[in-house]
Amino acid sequence: MENKKIKLRFPDGQEKEYPAGITGDELVKEIGARLAKEAIAVKINDQILELNRPITEDGDIRFLTFADREGREVFWHSSAHLMAQAIKRIFPRAKLGIGPPIEDGFYYDIELDRPITPEDFHRIEAEMARIVEADYPIVRKEWPREKAIEFFKNHHEDLKIELINDFPDEEVISAYSQGEFTDLCRGPHVPSTGRLGKHFKLLSVAGAYWRGDEKNKMLQRIYGTNYPKKKMLEEHLHRIEEAKKRDHRKLGRRLDLFSIQESIGNGLILWHPKGARIRRVMEQFWIEEHYQHGYELVYTPHVARLDLWERSGHTGFYRENMFPPMKMEEVEYQLKPMNCPFHITIYKNQLRSYRDLPIRLAEFGTVYRYERSGVLHGLMRVRGFTQDDAHIFCTPEQLTDEIVQVLDLVLYILQTFGFHEYDIFLSTRPEKFVGSLENWEAATAALEKALEVKQLAYTVDPGEGVFYGPKIDIKIKDVLGRSWQCSTVQVDFNLPERFDMEYIGADGKRHRPIMVHRALFGSLERFLGVLIEHYAGAFPVWLAPVQVIVLPITDRHHDYAQEIHNRLRGAGVRVELDRRNEKVGFKIREAEVQKIPYMLIVGDKEMDSQTVSVRHKGEGDVGRLKVEEFEARILHEIQLKK
RNA sequence: GCCCACGUAGCUCAGUCGGUAGAGCACAUCCUUGGUAAGGAUGAGGUCACCGGUUCAAAUCCGGUCGUGGGCUCCA
């Protein structure tokens, strides 16, 4: 073994020979001090190893740092252990669940007879700092199952034993020790606790079901994060602050866009005039585009007889999401959770020919769904919301092309609203499904084909489709890089079947159409919520609820200000006039706080020259313009949807 | 629904050990007519979320209900 050599290939293509059993640490030190300092783990072929583990095989080698996603995962995973060790020191009774890395940090689930509160965080953090200071080596152990079980039994780690018992027989059981602390873990980890540095912070504590199952007991999940550099931690905390500042619930109140009130009911939205303005602009734009793209708009009621929902299958598979039915004159009615049965019924109202297809029916359909109280969240998750819903009924041959057209429309609309980055998912057949395998395959192929035609990169989400068909979900990314599920395109061959939908084909025979459900905004409530956070409430001119505010300097300028106001309003601009008895500085401040894009200041000079002094939000004074010049300028911006 | 925390004026928040409430902003009235992010004075505004309990006495302690927040599960 000692004389054996291994051949390693580095990312730059260089190959070198080393004695077998050399550790990552030894190797990286040869490469350079800087990389040695930053290295977190080493990746050989597809396996990630600790830096102190001997390397025994040939292959591609790469050192992982915090810049690599996998490197961060190791770093945060070790940080979770660090926190667990500190918690065990302070609360020896605590039992450990699992503690994985997540998107930007880590958590650990623990069972403890006393709630952990944010006040405990400082104590835990201080203990973590001591453990880092001690720089314990992190040592991997591989144990036979019995030994592992015995060890965790002795340490009263019942949850760990439960995990071990569920491991497949052939699984190698490994544990990692640092100082007095040992945790069941697959690894890998950083070589010692000192490598984790001191730029960590515990962020929050929340309940979480053991193994994610609500039938199990609830554990306490403590979230934290850790960065190799102080500046990175600060940036992360700053991002959290920034997100708080953009919170649509706060901005919604401050800008008087909407409210949710106890007296109305939770999860139900009141759109105030300014929020309604934005929503109306969205709707008008959407309606125009849909007529342009061959859709027909319809209106359908908010309730329907329960029978309809029985036929559609909703009372079976969707009941737990529906409001309870109500009875009137011996007939039961149901508040609608979806719009599809109505659109189908319109389709079925006459015999359709293949020549009529595709038929595209669209509607702002307001639906009501029962959501458990704990999941409600501002505009993002509500009980009554309006979908920009449409159903396309087409022949199998038309399917791909219809989906391509939907994708075109989705991307165009999202881009218009300022979203240029997306994550696209193709969700395939779930375990519980209806319909034939051929149908599923054909539908999935049509979705794939459409994505190929559009050259869109996507991720397959296996088994995440709806029970009636596969779907494409488009998640938009906002300015802070957070992603939001809005648009969805779903193929459905279940409902056409259930409703016995037909069209007469060229062969004179009856055929079954395919149905596509699609929503671009998804829900107007959620989309507007995302929009508020994306723009931090400072909407572009075309969307701003108030586009212009006229600010007269004294009373004697009121008539002139009124004239400008009337003129702009006549031209279709959303304009307000601030006639209050306040200094102009005060009025400007208020307009800035309200995030109004344009302020027109009018005093003697403007009155004499028939001009306005234009101040743009954020930019400050941009000089004087003739009234007609300003009007042309803002109308142009609105037209360009800027 | 579950775990934890929270609920005081329209908004943001003080309120110590249990002794029936306070600020700033907003609002109203008056003064001020001021040129690019807060002029001044005065005033009004509260069943301390709701229901019950303990107590001579509850915003404060206890229980329940409703709501909100952070999560879990689920989702547009």
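So you know, we letter chains A, B, ... as the sequences are listed, proteins then strands, and number each from 1.
At the phosphate of B:rG69, OP1 or OP2 sits under 4.0 Å from a side-chain N or O atom of A:R249. OP1 or OP2 of B:rC72 sits under 4.0 Å from a side-chain N or O of A:Y223. Not one side-chain nitrogen or oxygen of A:R589 sits closer than 4.0 Å to the OP1 or OP2 atom of B:rA26. Proximity of A:N266 to the phosphate of B:rU68: a side-chain N or O atom is located under 4.0 Å from OP1 or OP2. Close to B:rG34, at under 4.0 Å from its OP1 or OP2, lies no side-chain N or O of A:T554.
Atom-to-atom, NZ of A:K217 to C1' of B:rC4 comes out at 18 Å; the value is rounded to the nearest Å. The interatomic distance linking A:I222 (CD1) with B:rA5 (C1') rounds to 15 Å, in whole Å. In this structure, A:Q261 atom CD and B:rU68 atom P are separated by 11 Å, rounded to whole Å. Look at CD on A:Q220: it is 8 Å from P on B:rC4, rounded to the nearest Å. When rounded to the nearest whole Å, the span between NE2 of A:H248 and C1' of B:rA76 equals 13 Å. Atom CD in A:E320 sits roughly 18 Å away from atom P in B:rC2 (whole-Å rounding). Put simply, CD on A:Q485 is 11 Å from P on B:rC75, counting in whole angstrom units. Here B:rA38 presents its P atom at 12 Å from CD of A:E582, a figure rounded to the nearest Å.
Residue A:A206 has its side chain nearest to B:rG70 when only B:rC72, B:rA37, B:rG70 are considered. Of the candidates B:rA37, B:rU36, B:rG34, the closest approach to any side-chain atom of A:I601 belongs to B:rU36. Closest to the A:S523 side chain, of the nucleotides B:rA76, B:rG1, B:rC27, is B:rA76. For A:R372, whose side chain is taken as the heavy atoms from C-beta onward, the closest listed nucleotide among B:rC72, B:rG1, B:rG34 is B:rG1. Nearest nucleotide to the side chain of A:E592, out of B:rC3, B:rG70, B:rA37: B:rA37. The nucleotide whose nearest atom lies closest to any side-chain atom of A:Q490 is, among B:rC72, B:rG39, B:rA76, B:rA76.
Side chain of A:Q547 to main chain of A:V541: a donor-acceptor pair is present (N/O by atom type, distance under 3.5 Å, no hydrogens or angles). Of the possible donor and acceptor atoms, none in the side chain of A:R277 sits under 3.5 Å from a partner among the backbone N and O of A:A544.
Taking atom P in both B:rC72 and B:rG10, one finds a spacing of 34 Å when rounded to whole Å. Nucleotides B:rC62 and B:rC6 place their P atoms 11 Å apart, quoted to the nearest Å. Spacing between B:rC3 and B:rA76 at atom C1', rounded to whole Å, works out to 26 Å. Taking atom C1' in both B:rG45 and B:rA23, one finds a spacing of 14 Å when rounded to whole Å. Comparing the same atom, P, in B:rG46 and in B:rU55 gives a spacing of 32 Å after rounding to whole Å. Comparing the C1' positions of B:rA59 and B:rC13 gives an interatomic distance of 15 Å, to the nearest angstrom. B:rA49 and B:rU60: their C1' atoms are spaced 16 Å apart (whole Å). Spacing of P atoms, B:rA9 relative to B:rG15, comes out at 15 Å, to the nearest Å.
Contact check of residues 375-392 of chain A against RNA chain B (heavy atom, cut-off under 4.0 Å) returns A:V375, A:L376, A:H377, A:G378, A:R381, A:V382, A:F385.
A search for salt bridge (Lys or Arg N to Asp or Glu O under 4.0 Å) contacts involving A:D166 returns A:R211, not counting sequence neighbours. Taking A:R574 as the reference, nothing meets the side chain to side chain donor-acceptor pair (under 3.5 Å) condition, with sequence neighbours excluded.
For a distance-only test at 3.5 Å, the side chain of A:E371 qualifies as a donor-acceptor partner of the base of B:rA76.
When heavy atoms are screened at a 4.0 angstrom cut-off, A:G603 is found touching base atoms of the nucleic acid. Nucleic acid contact for A:S487: none, since no nucleic acid atom lies under 4.0 Å from a heavy atom of the residue. Looking at heavy-atom distances under 4.0 Å, A:E606 makes contact with a base. Within the nucleic acid shown, A:R221 comes within 4.0 Å of sugar-phosphate atoms alone, with no base atom in reach, counting heavy atoms only. Residue contacts shown for A:G585 are limited to sugar-phosphate atoms, with no base heavy atom under 4.0 Å away. The residue A:G207 sits close to a base: some heavy atom pair falls under 4.0 Å. A:D604 comes within 4.0 angstrom of a nucleotide base, judged by non-hydrogen atoms across all strands.
Looking at heavy atoms from C-beta onward, A:L409 lies in side-chain contact with A:H290 at the 4.5 angstrom threshold.
Under 4.0 Å is where a charged nitrogen must lie from a carboxylate oxygen, and between A:E637 and A:R633 at least one such pair does. A salt bridge links A:E283 to A:R280: one of the charged nitrogens lies within less than 4.0 Å of a carboxylate oxygen.
The aromatic rings of A:Y227 and A:H236 sit tilted, their planes meeting at an angle between 30° and 60°. Between A:Y368 and A:F323, the ring planes are perpendicular. Angles over 60° get that label, and only those under 30° would be called parallel.
When the nearest nucleotides of RNA chain B are assigned to A:F586 and A:Y370 by heavy-atom distance, the more 5′-ward of the two goes with A:Y370. Each of A:S373 and A:K587 has a nearest nucleotide on RNA chain B; the 5'-most of these lies closest to A:S373.
Under the side chain to side chain contact (heavy atoms under 4.5 Å, CB included) rule, A:I472 has a single partner from A:I403, A:D461, A:L456, which is A:I403. For the side-chain hydrogen bond (donor to acceptor under 3.5 Å, both in side chains) with A:T366, the qualifying choice from A:T300, A:D389, A:T386 is A:T386, the only one to do so. A side chain to side chain contact (heavy atoms under 4.5 Å, CB included) with A:E111 is found for exactly one of A:K217, A:Q220, A:M218, namely A:K217.
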Report all interatomic pairs (protein N or O, nucleotide N or O of nucleotides 7-13 of chain B) with separations under 3.5 Å.
| residue | atom | partner | partner atom | Å |
| --- | --- | --- | --- | --- |
| B:rU12 | OP1 | A:R253 | NH1 | 2.6 |

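Of the N and O atoms on the side chains of A:R579 and A:Q562, at least one donor lies less than 3.5 Å from an acceptor on the other residue.
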Return all side-chain donor-acceptor pairs below 3.5 angstrom for residues 411-419 of chain A, not counting sequence neighbours, or 'none' if the list is empty.
| residue | atom | partner | partner atom | Å |
| --- | --- | --- | --- | --- |
| A:Q415 | NE2 | A:Y422 | OH | 3.2 |
| A:T416 | OG1 | A:Y412 | O | 2.7 |

Bracket notation of RNA chain B in which parentheses pair within the strand, [ ] cross earlier pairs, and | pairs with another strand (Watson-Crick or G-U, under 3.5 Å): (((((((..((((.....[..)))).(((((.......))))).....(((((..]....))))))))))))....

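Rounded to the nearest 0.5 Å, atoms CZ (A:F521) and CZ (A:F385) are 15.0 Å apart.
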